[in-house]
Each structure stands twice: as C-alpha cells, then as structure tokens.
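Following: one structure in structure tokens, then a few remarks.
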Amino acid sequence: MSSKIIIGSAPDSWGVWFPADPEQTPADRFLTEVAAAGYEWIELGPYGYLPSDPEQLRDQLTRHGLKVSAGTVFEHLHRPDSWDDVWSQVSKVAALTRDVGGEHLVVIPDPWRDHKTGKPLEERTLSADQWDALTRQLDELGRRIDDEFGLRLQFHPHADSHVGYQPDIERLLEATDPRWVNLCLDTGHVSYYGGDNLELITKYPDRIGYLHLKQVDPAVVAAVEAEDLSFPEAVKRGVMIEPPHGLPAMGPILDAAGALGRDLYAIVEQDLYPCDPDVPLPIARRTHTYLRGCSGAAVEIGVQHG
C-alpha cells in the first residue's frame, strides 16, 4: 500500500537555532518566505521564536496560509534528577503544538558539547545506567505526551549527542516501546555519522514516524572527522548542503518512506546557522522544486508564489 509524503520546512532552514538571536532571520520574515517558497507545513522551531500565545500564533499561521506539523524540544533524561526540568519544557511546547493543530513532538537529545561554542560539557558516551535512565524515561515521556496532549513523540538522533551513530539509534529503538517512542529519521544527521537511512527504514519500518530531509557534504564531513570539529563549526563550514548536491540521495528515501503504508510528514531542515538573511529563500525554492520531482512517491507539497 502506498502512502503520502507531506513535505514542509522549518525555521532551521532559515538559520534559526535559538528563540532570539541577532544573527537569525526575524520570525515574520521566515513566515513570509517559507510560504513564498511553496511550503504549507512548518515546525515551530525553538520555543519563543514564533509567538508562544496560541491565538497570536494561529492568526499569523492563517495570514500566511501555514499549518504546523510538530513542535521541537531538547531532552537530557540520561542525567540524574532531570525529569522535572525536561517535563517543564516539554509541556509548554506540547501545549502550544496541540493548540495550533500539530500532531507530533520531535524530541532531540541535548548535545554533549555546547551548541554554540563546541566546548565539551560531559562524556561522549553514556554508561549502561545512563542508557537505562534515558530509554526508560523516554517511554514515560512519550506516554504522558500522548495521554495529556494527544501528540506522538518522535525521537530525533543528533550530531554531537549521545544518540547519533546508527548503532546508538538501533539500541534506542530496541530499548523503547513503539507505543510511546518512534523515530524522526533525520537523513542528514544519520549520514553525518556514516549511517544508512534506507537500512533503518527497512529494518524498522514500523518505527519511522516522521522525517527530516537534509543532505551532508561528504568532503566537509571528512574534515569534521579528521579535525574532531563540533557540529556548530561543521555547519559554519557548510556540512549541510541543498539537494541534490550531497548525501543521502533523496529519491530512494522518499520512495521507501512512501511504501510504508501510512502518511508521513517530511520536513526540510537544512542547518544554516548563522547565515545572511538573503541566503535561505533561494535555497528553499530550489529544494522545493527538486523534492517535488525526485521520486516516485506520492508527494503533497504546496505551490511557490511571489
């Protein structure tokens, strides 16, 4: 049975990593440009970047003809006594996501290096006890997100986090309950660490709950590995590159996702922080055109204008 891939974009593709930062594209410019590029679905980005009042946010979304697929939030559940802090953040983002019609919460592990400076904050790998704390509490987090907000938890492996390499992704999937935790397959972050996106789709077809579409430049990845660069530095060097100029190939991934038998959101997320505000829109337009025709999957994607 075939399914539909609903393609949207996100603040990340406009160079947005933080709720407020002078180097970032202003929120109203992002909303105007993402709609002009042809996307009808977006993620919320960092909490506070877009209005956190549901009525104000709904008004802005309606004005630009946009809808929300998901909110995003970071977690650090492997650390002792972390639940209350994580839940405090999650509950705010989940409530706003629900109130504006979103269906998913993308949960990202905190990096072990500082997200701006690259300075190490903790060990690169988790102990057995930390793995147990992480997976056990992710199950509880997913259950409560579903019970209290009606959203699905999609876990997003990330560079410079403890769940980035494919064996770590598979370990997390094996240790968590598919009722409460599924995978946001971020094609760029998987490829960043040499993982195989198609193999993950084939091996865990029932756990693929959401997609982030991005490519990496293999030459920059090689330099990152050789120099042990942080992810923020890698992004500054252009590690995330617009398709079809990087890895992995988008067409086969969309074809495989389209054959899973259910509709999936696929959000374009090309990390660009920091970038000149005139850079994102032309890239977004070209990416929209490419994704519309690069696969045989049934794709739902908006129309460019302006």
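Rounded to the nearest 0.5 angstrom, Y39 OH and I267 CD1 are separated by 10.0 Å. Note that CD of E123 is 9.0 Å distant from CD of Q130, once rounded to the nearest 0.5 Å. Once rounded to the nearest 0.5 Å, the distance linking OG of S91 with CG of L96 reads 11.5 Å. The CG atom of L183 lies 9.0 Å from the CZ atom of F155; values are rounded to the nearest 0.5 Å. Considering CG of L247 and OG1 of T187, their distance stands at 10.5 Å, rounded to 0.5 Å. Here the straight-line distance linking atom CG of N182 with atom CZ of R152 works out to 5.5 Å at 0.5 Å rounding.
What you find for V34 and S9 is that their closest heavy atoms are CG2-CB, 3.8 Å. Shortest non-hydrogen contact noted between S69 and W41 is N-CE3, 3.8 Å.
Using a cutoff of 4.0 Å between basic side-chain nitrogens and carboxylate oxygens, R237 and E233 are scored as salt-bridged. A salt bridge is absent between K236 and D271: the closest approach of a Lys/Arg side-chain nitrogen to an acidic carboxylate oxygen does not fall below 4.0 angstrom. Using a cut-off of 4.0 Å between Lys/Arg side-chain N and Asp/Glu carboxylate O, R79 and E122 are scored as salt-bridged. D228 and R113 are joined by a salt bridge, as a carboxylate oxygen and a charged side-chain nitrogen come within less than 4.0 angstrom of each other.
Proximity of a side-chain donor or acceptor of S3 to a complementary backbone N or O of R262 within less than 3.5 Å is detected. No donor-acceptor pair under 3.5 Å is formed between the side chain of R124 and the backbone N or O of D160. A donor-acceptor contact shorter than 3.5 Å is absent between the side chain of H156 and the backbone of C184. Judged purely by atom type and a 3.5 angstrom limit, Q304 uses its side chain to pair as donor or acceptor with the backbone of R285. A distance-only check finds no donor-acceptor pair linking the side chain of S295 to the backbone of L254 [under 3.5 Å]. Although no hydrogens or angles enter the test, the distance criterion places no donor-acceptor pair under 3.5 Å between the side chain of R98 and the main chain of V93. T202 places a side-chain N or O within donor-acceptor distance of the main-chain N or O of L198, the cut-off being under 3.5 Å. Checked by atom type and distance alone, the side chain of K4 never pairs as donor or acceptor with a backbone atom of A298 at under 3.5 Å. When atom types are taken as modelled, the side chain of R143 and the backbone of V181 share no donor-acceptor pair closer than 3.5 angstrom. Under a 3.5 Å cut-off, the side chain of D99 and the backbone N or O of P54 do not form any donor-acceptor pair.
Ring-centre distance between H78 and H76: not below the 6.0 Å cut-off. Ring pair H212/H189: centre-to-centre distance not below 6.0 Å. Aromatic pair Y49/F18: centroids not less than 6.0 angstrom apart.
Between the side chains of N197 and S191, at least one donor N or O sits under 3.5 Å from an acceptor N or O. For the 3.5 Å distance criterion, the side chains of Y47 and T72 fail to qualify, holding no donor opposite an acceptor. At a cut-off of 3.5 Å, with distance as the only test, no side-chain donor of Y192 or D186 sits close to an acceptor on the other residue. Using modelled atom types and a 3.5 Å distance limit, the side chains of Y204 and E199 yield no donor-acceptor pair. A donor-acceptor pair shorter than 3.5 Å can be found between the side chains of W17 and D12. Under the 3.5 Å distance criterion, with hydrogens and angles disregarded, no donor-acceptor pair is assigned to the side chains of E33 and T25. A donor-acceptor pair shorter than 3.5 Å cannot be found between the side chains of E43 and Y265. Looking only at atom types and distance, the side chain of E170 has a donor-acceptor partner in the side chain of Q166 under 3.5 Å away. A donor and an acceptor atom, one from each side chain of T176 and R207, are located under 3.5 Å apart. Judged purely by distance below 3.5 Å, without hydrogens or angles, the side chains of Q137 and E75 never pair a donor atom with an acceptor atom.
Using a 4.5 Å heavy-atom cutoff, the side chains of V73 and V106 are not in contact. Two residues are said to be in side-chain contact when any heavy atoms from C-beta on lie closer than 4.5 Å; L105 and I145 meet this criterion. You'll find the side chain of L126 reaches within 4.5 Å of the side chain of L134, heavy atoms only. Using a 4.5 Å heavy-atom threshold, the side chains of H158 and D110 count as separate.
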- Message: Working note: L31 + I42, criterion side-chain contact (heavy atoms from CB on, under 4.5 Å); need CA distance, chi angles, decisive distance, verdict.
- Response: CA-CA 9 Å; L31 293 171; I42 64 167; 4.0 Å; yes

- Message: Set out, in order, the CA-CA distance, both residues' side-chain angles and the distance that settles side-chain contact (heavy atoms from CB on, under 4.5 Å) for D146 and L153, then state yes or no.
- Response: CA-CA 8 Å; D146 189 9; L153 188 159; over 6 Å; no

- Message: Under the criterion side-chain contact (heavy atoms from CB on, under 4.5 Å), I'd like the reasoning laid out for W180 against L138: C-alpha separation, chi angles, the key distance, then a yes or no.
- Response: CA-CA 8 Å; W180 314 126; L138 275 177; over 6 Å; no

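Geometrically, R144 engages W87 in a cation-pi contact, judged by NZ or CZ lying under 6.0 Å from the ring centre and within 45° of the ring axis.
Every side chain to side chain contact (heavy atoms under 4.5 Å, CB included) that P243 has, sequence neighbours left out, goes to Q215, M250, T287, Y290.
The hydrophobic cluster containing V163 also contains V90, counting ILVMFWY residues as joined when their side-chain heavy atoms lie under 4.5 angstrom apart, directly or transitively.
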